[in-house]
Amino acid sequence: MTQIIQTIAELRALVRGWKAAGESVGVVPTMGALHEGHLSLARRARAECERVITTIFVNPKQFNNPDDLKKYPRTLEADAALLSGVPVDVVFAPGVDEVYPDGFITTVSVGGVSEPLEGRMRPGHFDGVATVVTKLFGMTEANRGYFGQKDWQQLQVVLRLVRDLNLPVTVVGCETIREADGLAMSSRNVRLTAEGRAVAGVLYAAVTVAADEIRAGQSDRMAIREAAEKLRAAGFERVEYIELRDAETLMPSDDPRRPRRMLAAAWLDGVRLIDNIPV
Ligand SMILES: Nc1ncnc2c1ncn2[C@@H]1O[C@H](COP(=O)(O)OP(=O)(O)OP(=O)(O)O)[C@@H](O)[C@H]1O
Ligand SMILES: CC(C)(CO)[C@@H](O)C(=O)[O-]
Ligand code: BAL
């Protein structure tokens with residue numbers, strides 16, 4: 001049976017019982033509006049941990065754009081129903097005041113890997129993510145934390161955070177789940193118009209071709225320029241970035257011996273889509 005819990009005190013009491021019985025705990029942090037991508041994380045946690053907590057919290061501290069926060073889909077009942085099908089043990093859905101009570105002043109800020117790409121386009125975003133993820137690890141006492149590769153830079157930030165602060169949690173990066181046309185599943189996809197949705201798969205297709213070309217020896221710049229042109233031709237109104245980076249540090253990389261990643265962000269229909277693939 002999946003239980004919905006909204007207070008930290010109740011969550012702690014439950015976790016204390018599990019830990020006393022020697023059970024392992026997995027946490028799947030989300031902002032709700034769940035889709036198959038989230039459920040794949042929850043199923044992996046279910047397979048690997050004795051107890052599973054999915055957190056649903058639209059974290060105001062990681063939104064640099066107030067309109068984005070206001071428009072973020074909120075579907076708690078439907079989310080809880082999907083999670084009871086996994087099933088997870090607990091849906092932890094605290095209110096904003098529970099997570100950030102009066103007087104809250106601490107910020108966790110990861111340097112380096114937080115700075116480029118998403119960090120540059122969304123100032124303060126990764127401080128908000130690092131702060132809330134640190135709190136969620138503390139509240140849930142999780143042994144394992146599950147994160148999607150769709151948010152590749154976020155995954156690297158969390159890995160760095162856990163290493164730097166010696167947090168007793170293993171971070172598990174899970175494969176990106178895609179729609180049939182390659183579009184990475186994302187809660188924000190519901191905001192696309194039918195016309196936008198029909199061309200959104202071009203983002204994944206264009207970076208896939210660029211990565212193939214780079215592997216075949218074409219210059220990075222040329223391959224990336226072609227990908228950006230394909231997006232504009234398909235109707236994307238703005239390409240924020242398409243970059244080839246070191247997969248771990250997210251710094252520019254022309255060393256093919258290190259794992260590299262192509263990462264992209266582009267606007268379609270007023271919706272900001274992101275994607276990334278290995279090169
Ligand atoms: N398509 C996906 N495949 C795998 N993991 C995913 C996918 N989409 C989201 N996740 C992961 O689920 C977790 C929660 O993400 P979040 O609630 O922000 O959902 P989202 O769909 O990414 O929403 P957003 O529109 O904010 O990007 C994150 O670790 C994220 O990487
Ligand atoms: C990890 C996370 C739940 C922290 O708010 C969020 O950034 C997300 O949904 O990816
Ligand atoms: N999915 C990552 C969290 C965010 O976009 O705010």
Side-chain angles (χ1 to χ4, degrees), residues 26-45 53-76 79 82-83 88 91-94 96 99-100 108 110 114 117-119 121-140 142 144-159 161-162 169 171-192 200-201 203-204 240 263 265 267-268 270-277:
V27 66
V28 183
T30 81
M31 301 204 298
L34 302 185
H35 49 66
E36 267 304 310
H38 300 110
L39 295 179
S40 73
L41 269 53
R43 286 190 203 106
R44 173 114 182 241
I53 303 170
T54 297
T55 68
I56 297 183
F57 179 61
V58 183
N59 174 32
K61 288 197 189 293
Q62 71 186 71
F63 284 81
N64 56 308
N65 174 346
D67 197 43
D68 192 24
L69 174 60
K70 204 169 72 193
K71 284 198 208 144
Y72 204 86
R74 288 166 172 85
T75 57
L76 182 58
D79 292 348
L82 287 172
L83 290 168
V88 306
V91 176
F92 179 54
V96 174
V99 177
Y100 301 118
V108 180
V110 179
S114 285
L117 307 174
E118 292 298 288
M121 302 315 299
R122 302 178 65 184
H125 170 63
F126 284 124
D127 283 2
V129 170
T131 302
V132 83
V133 168
T134 305
K135 284 174 68 73
L136 293 171
F137 284 159
M139 292 170 195
T140 59
R144 295 168 77 78
Y146 293 81
F147 295 84
Q149 295 181 357
K150 192 211 79 182
D151 298 284
W152 182 264
Q153 189 174 6
Q154 168 171 284
L155 173 61
Q156 303 314 310
V157 169
V158 173
L159 283 163
L161 162 77
V162 163
V169 56
V171 175
V172 183
C174 306
E175 210 176 291
T176 301
I177 306 298
R178 300 181 178 280
E179 304 284 359
D181 64 349
L183 175 66
M185 289 190 184
S186 166
S187 310
R188 290 181 177 95
N189 292 352
V190 297
R191 291 197 217 142
L192 291 167
L203 178 57
Y204 177 61
E240 264 184 15
L263 303 103
W267 289 82
L268 177 64
V271 182
R272 188 170 182 278
L273 301 178
I274 59 171
D275 209 336
N276 70 85
I277 53 168

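All values below were derived from every heavy atom in this structure, side-chain atoms included, with hydrogens, water molecules and symmetry-related copies excluded. Both ligands and their constituent atoms are indexed starting at 1 by order of listing. The structure displayed is predicted, hence computed values, not measured ones.
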Discussion item. With a heavy-atom distance limit of 4.0 Å, tell me whether Ala33 approaches ligand 1 through its side chain, its backbone, both, or neither.
Written reply: neither
Worksheet item: Are the side chain of Asn276 and the backbone of Gln149 linked by a donor-acceptor contact shorter than 3.5 Å?
Response: yes
Worksheet, complete the sentence: Within 4.0 Å of some non-hydrogen atom of Arg188, the atoms of ligand 3 are 4 (C), 5 (O), 6 (O)
Worksheet item: Of all the non-hydrogen atoms in the protein, which one sits nearest to atom 9 (O) of ligand 2, and at what distance?
Response: Met31 CG, 3.4 Å
Item to complete: Report, in ascending order of atom number, the atoms of ligand 2 lying under 4.0 Å from any heavy atom of Pro29.
Response: 3 (C)
Worksheet, complete the sentence: To atom 2 (C) of ligand 1, the nearest of Ile177, Ile56, Val190 on a heavy-atom basis is Ile177
Discussion item. Considering non-hydrogen atoms of the protein only, which is the closest contact for atom 6 (C) of ligand 2, and what is the distance?
Written reply: Gln62 NE2, 3.5 Å
Discussion item. Between Val91 and Thr55, is there a side-chain heavy-atom distance shorter than 4.5 Å?
Written reply: no
Discussion item. Is there a polar contact, in the sense of an N or O pair closer than 3.5 Å, between Thr176 and ligand 1?
Written reply: no
Fill in: Residue portion contacting ligand 2 (non-hydrogen atoms closer than 4.0 Å) for Thr55
neither
Discussion item. Is it the case that the side chain of Asp79 and the backbone of Leu34 share a donor-acceptor pair, with hydrogens and angles ignored and the cut-off at 3.5 Å?
Written reply: yes
Worksheet item: Which is closest to atom 29 (O) of ligand 1 in terms of heavy atoms, Ser186, Ser187, Gly37, Gly148?
Response: Gly148
Fill in: Arg74 side-chain N/O to Tyr72 backbone N/O, donor-acceptor pair under 3.5 Å
yes
Worksheet item: Got Phe57 and Thr30 here, is their nearest side-chain heavy-atom distance under 4.5 Å?
Response: no
Practice prompt. For atom 8 (C) of ligand 2, grab the closest protein heavy atom and report residue, atom and distance to one decimal in Å.
Written response: Gln154 NE2, 3.8 Å
Worksheet, complete the sentence: Near Met31 (heavy-atom distance under 4.0 Å), the atoms of ligand 3 are 3 (C), 4 (C), 6 (O)
Worksheet entry | ligand 1 contacted by Glu36 (non-hydrogen, < 4.0 Å) | no
Worksheet item: Does Arg178 come within less than 4.0 Å of Glu36, counting only side-chain N to carboxylate O?
Response: no
Worksheet, complete the sentence: Nearest non-hydrogen protein atom to atom 3 (C) of ligand 3, with distance, is Gln62 NE2, 3.2 Å
Discussion item. Ring of Tyr146, cation from Arg44 - is the NZ or CZ under 6.0 Å from the centre and inside 45° of the axis?
Written reply: no
Discussion item. Can you tell me if Gln149 contacts ligand 1 (heavy atom of the residue under 4.0 Å from the ligand)?
Written reply: no
Discussion item. Just verifying a value: how many Å separate Ile53 CD1 and Met139 CE, rounded to the nearest 0.5 Å?
Written reply: 11.0 Å
Worksheet item: Is there at least one pair of N or O atoms, one from Arg122 and one from ligand 3, spaced under 3.5 Å apart?
Response: yes
Worksheet entry | Gap between atom CG of Leu83 and atom CD1 of Ile56 - 0.5 Å precision | 5.5 Å
Fill in: His125: numbered ligand 3 atoms lying under 4.0 Å from its heavy atoms
4 (C), 6 (O)
Discussion item. Can you confirm whether more than 12 heavy atoms, excluding those of Glu175, are under 6.0 Å from its CD atom?
Written reply: no
Worksheet item: Counting distance only, does the side-chain N/O of Asp127 pair as donor-acceptor with the main-chain N or O of Ser114 below 3.5 Å?
Response: no
Discussion item. Given Glu179, His38, His35, identify the one with the heavy atom nearest to atom 8 (N) of ligand 1.
Written reply: His35
Practice prompt. Could you tell me the residue and atom name of the protein heavy atom closest to atom 2 (C) of ligand 3, and the distance to it rounded to 0.1 Å?
Written response: Asp151 OD1, 3.3 Å
Item to complete: Just jot down the ligand 2 atoms closer than 4.0 angstrom to any heavy atom of Val132, in number order.
Response: 4 (C), 5 (O)
Worksheet item: Do His38 and Met185 have side-chain heavy atoms sitting under 4.5 Å apart?
Response: no
Worksheet item: Taking the minimum heavy-atom distance to atom 28 (C) of ligand 1, which of Gln62, Lys150, Gln154, Arg178 ranks first?
Response: Gln154
Item to complete: Using a 4.0 Å heavy-atom threshold (strictly under), name the region of Leu41 that reaches ligand 1: side chain, backbone, both or neither.
Response: side chain
